[in-house]
Every structure is written in structure tokens, then in C-alpha cells.
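FYI, side chains are in, hydrogens and waters are out, and symmetry mates aren't considered; it's all heavy atoms of this structure.
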Amino acid sequence: MEPVLNVENLSVRIAGLHILQGVSFTVAPTGVTVLLGRNGVGKTTTLRAIVGLTPRGGEVRGTVRMGAQSLLARPTHRLVRGGLGYVPEDRCVFAGLTVAENLRLAERRGTTPAYDKVYALFPELDRRGRQRAGSLSGGQQQMLAIGRVLLNDNRLLLVDEPTKGLAPKVVTEVAEVLERVAESVPVLLVEQNLAVVRRLARDAVVLAAGQVAWAGDAQQLLLETALTKSLLGVGSAEGHASAASGGATGGKDAH
């Protein structure tokens with residue numbers, strides 16, 4: 001099957017720094033492809049470049065296609081209307097608005113929002129519809145951020161570190177939702193928790209120094225402890241410990 005996303009020779013410069021240096025990879029039309037790497041290698045920058053959110057003045061070169069559609073020349077709002085869903089690392093909920101208002105703002109014009117699906121996945125959002133988003137816990141805000149995207153039909157989801165900083169129980173809940181979502185829409189996931197990666201990912205792309213250092217079967221990567229250690233600085237056993245504590249094996253990218 002043809003990839004849903006093709007990234008070819010993607011280069012990004014921000015404030016004089018060459019963050020991405022010719023990154024190329026594909027995302028399969030089904031399942032979860034995980035983007036891995038140590039801190040600061042450009043994982044978040046990659047997602048933001050795909051969705052057109054690089055900082056003003058940043059320079060982006062290369063080719064990014066979703067099917068036959070070129071993405072880099074199109075503004076973010078058109079990409080979203082075209083079926084590219086994005087869940088940012090910092091969640092970006094509107095703190096002063098209620099949960100229901102946050103969801104309503106995500107509705108795409110001319111479509112029927114899938115509230116039944118969102119509330120089936122996240123019953124908490126239905127119960128807390130009148131609560132201000134800023135007063136939600138971190139886990140609840142993450143549910144809201146994912147729920148906003150799932151209101152609409154998507155051809156591809158970009159999800160940036162959805163379990164970072166969450167309690168173990170919430171990590172499990174978020175992983176379960178993403179597992180169910182990936183049954184119907186492909187996901188490009190940035191995730192540091194190797195136990196979550198082990199559960200969700202079929203394919204993996206590893207970045208190092210702004211370039212692709214490895215790409216292939218995610219489960220095979222996790223079986224090779226020495227390779228995982230050299231690429232990520234963490235072994236599979238440590239990945240299990242990270243999940244048990246609800247933490248992540250790394251932090252936020254420099255960009």
C-alpha cells in the first residue's frame with residue numbers, strides 16, 4: 001500500500017540553527033509510526049514543519065506529501081481542513097473556556113462533529129463540559145486535546161508526546177485511546193515512553209543530529225537492546241520502568 005505521508009529531504013533552519021538536515025521517511029497508511037530520538041534532535045520540529053507551524057523567519061526546504069497533495073506550500077488551517085490532525089506536546093487548550101467551548105471551536109465547517117465518538121473514548125469530557133479547561137488536570141487536558149482532533153475525520157494524526165508527565169493510570173488510558181484510534185486512522189507519534197511505543201508502534205523512525213539514523217520495524221528495534229541504547233540512550237528494561245513510574249525517558253526538543 002502507498003504511504004499516507006512522504007517526507008523527503010526535509011531541512012529546517014531556525015534562528016541560524018540547522019535543526020533538520022535532510023530528513024526522509026514515510027508513514028504507512030495504517031497503524032502507528034513512532035518518531036524517536038534523544039532530546040533536542042528535532043522530533044517536535046519535524047511535526048511542526050509538516051503541519052506548517054515553524055516559527056516566523058524559519059526556513060523550511062524539502063518535500064512533504066500526504067498522498068498526492070503537497071503540504072509545505074499550504075497554510076496550517078487548510079491542512080487541517082484537508083484531514084491532517086495535530087495534537088501538540090503542550091496541548092494548547094484554551095484555559096479560560098469550558099471543555100464544551102474548546103470542543104466547539106474545533107468543529108470543521110460543513111461537517112458533522114463526532115461527539116458520540118469523542119465522549120465514548122473520553123466520558124470525562126462529557127461530564128466536565130461546563131468546567132473551564134484551565135482547571136483540568138494534566139491528564140484531562142490531554143484528553144481534551146486529543147478529543148478536539150477526533151471530532152473530525154482525519155487522513156493522518158500527528159501526536160506529540162501525549163503521555164509526557166502523566167500519572168501511570170492516565171498513561172494507560174491515553175495509550176488505550178490511541179490504540180483504538182489507530183485502528184481507523186494512521187498516526188505519526190512522538191513518544192519517549194518505550195513501553196507505550198512497544199504497545200502501539202509498528203514502524204519506527206529514529207532521529208539523531210537532525211538526520212534519520214535508523215528506520216524499520218519498531219518491535220525489532222526494541223528487541224535489540226544495544227541498538228536501542230546507542231540510538232536512544234535507554235534500554236528496553238528502562239523503558240518498562242519509565243512506564244511504571246508514568247514518566248518519560250526524555251524531555252522536550254530544543255525546538
- Arg202 backbone acceptor or donor facing Gln219 side chain under 3.5 Å: no
- Could you go through the side chain to side chain contact (heavy atoms under 4.5 Å, CB included) check for Leu151 and Thr111 one step at a time? CA-CA 10 Å; Leu151 271 181; Thr111 65; over 6 Å; no
- Query: Is the backbone of Arg148 close enough, under 3.5 Å, to the side chain of Asn102 for a donor and an acceptor to pair up by distance?
  - Reply: no
- What about Trp214 and Leu194, same hydrophobic cluster or not, with Ile/Leu/Val/Met/Phe/Trp/Tyr joined at side-chain heavy-atom distances under 4.5 Å? yes
- Check: Thr172 side chain, Pro168 main-chain N or O, donor-acceptor pair, under 3.5 Å: yes
- Task: Mark yes when over 12 heavy atoms from residues, nucleotides or ligands other than Arg61 sit less than 6.0 Å from its CZ; otherwise mark no.
- Result: no
- Query: Just by distance, do the side chain of Lys43 and the backbone of Arg38 share a donor-acceptor pair under 3.5 Å?
  - Reply: yes
- Note on the structure: Looking only at heavy atoms, the pair that brings Val32 and Leu200 closest together is CB-O, 3.4 Å
- Distance-only, no hydrogens or angles: does the Asp126 side chain make a donor-acceptor pair with backbone N or O of Tyr119 under 3.5 Å? no
- Flag the pair Phe122 / Gln140 as yes when at least one side-chain heavy-atom distance between them is below 4.5 Å, and no otherwise. no
- Identify the residue among Glu89, Glu191, Arg91 that makes a side chain to side chain contact (heavy atoms under 4.5 Å, CB included) with Pro162. Glu191
- Test Leu223 against Gln220 for side chain to side chain contact (heavy atoms under 4.5 Å, CB included), laying out the working first. CA-CA 5 Å; Leu223 286 174; Gln220 184 62 39; 4.3 Å; yes
- Under 3.5 Å: donor-acceptor pair, side chain of Ser24, backbone of Asn9: yes
- Message: Given 3.5 Å as the limit, does a donor-acceptor pair link the side chain of Thr228 with the main chain of Leu221, or not?
- Response: yes
- Message: Taking Leu72 as the starting point, is it possible to reach Leu79 by hopping between hydrophobic residues whose side chains are less than 4.5 Å apart?
- Response: yes
Name every donor-acceptor pair, under 3.5 Å, that has one atom in a side chain of residues 175-188 and the other anywhere in the protein, sequence neighbours excluded.
from: Glu179; atom 1: OE1; to: Arg199; atom 2: NE; distance (Å): 3.1
from: Glu179; atom 1: OE1; to: Arg199; atom 2: NH2; distance (Å): 2.8
from: Ser184; atom 1: OG; to: Val181; atom 2: O; distance (Å): 3.2

- Query: Where the side chain of Glu161 meets the backbone of Asn193, is there a donor-acceptor pair that is under 3.5 Å apart?
  - Reply: no
- Sequence neighbours excluded, which residues qualify as ring-ring contact (aromatic ring centres under 6.0 Å, His included) partners of Phe25? none
- Message: Quick check: is Val4 connected to Val80 through a chain of hydrophobic side chains (ILVMFWY, heavy atoms under 4.5 Å apart)?
- Response: no
- Task: Determine whether Leu36 and Leu231 make a side-chain contact, defined as any pair of heavy atoms from C-beta on separated by less than 4.5 Å.
- Result: no
- Task: Compare all side-chain heavy atoms of Leu157 with those of Val87 and state whether any distance is below 4.5 angstrom.
- Result: no
- Side-chain donor or acceptor of Thr76 paired with backbone N/O of Gly52 under 3.5 Å: yes
- Query: Who else is in the cluster with Leu97 when I, L, V, M, F, W and Y are joined by side-chain contacts under 4.5 Å?
  - Reply: Phe94, Leu105
- Would you mind checking if Arg127 and Glu124 are paired as a salt bridge, meaning a charged N to carboxylate O distance below 4.0 Å? yes
- Item | Closest heavy-atom pair and its distance - Thr45, Ile14 | CG2-CD1, 4.4 Å
- Query: Any chance CG of Asp153 has more than 12 other-residue heavy atoms, nucleotides or ligands included, within less than 6.0 Å?
  - Reply: no
- Item | Derivation and outcome, side chain to side chain contact (heavy atoms under 4.5 Å, CB included), residues Met143 and Leu121 | CA-CA 9 Å; Met143 294 175 186; Leu121 290 170; over 6 Å; no
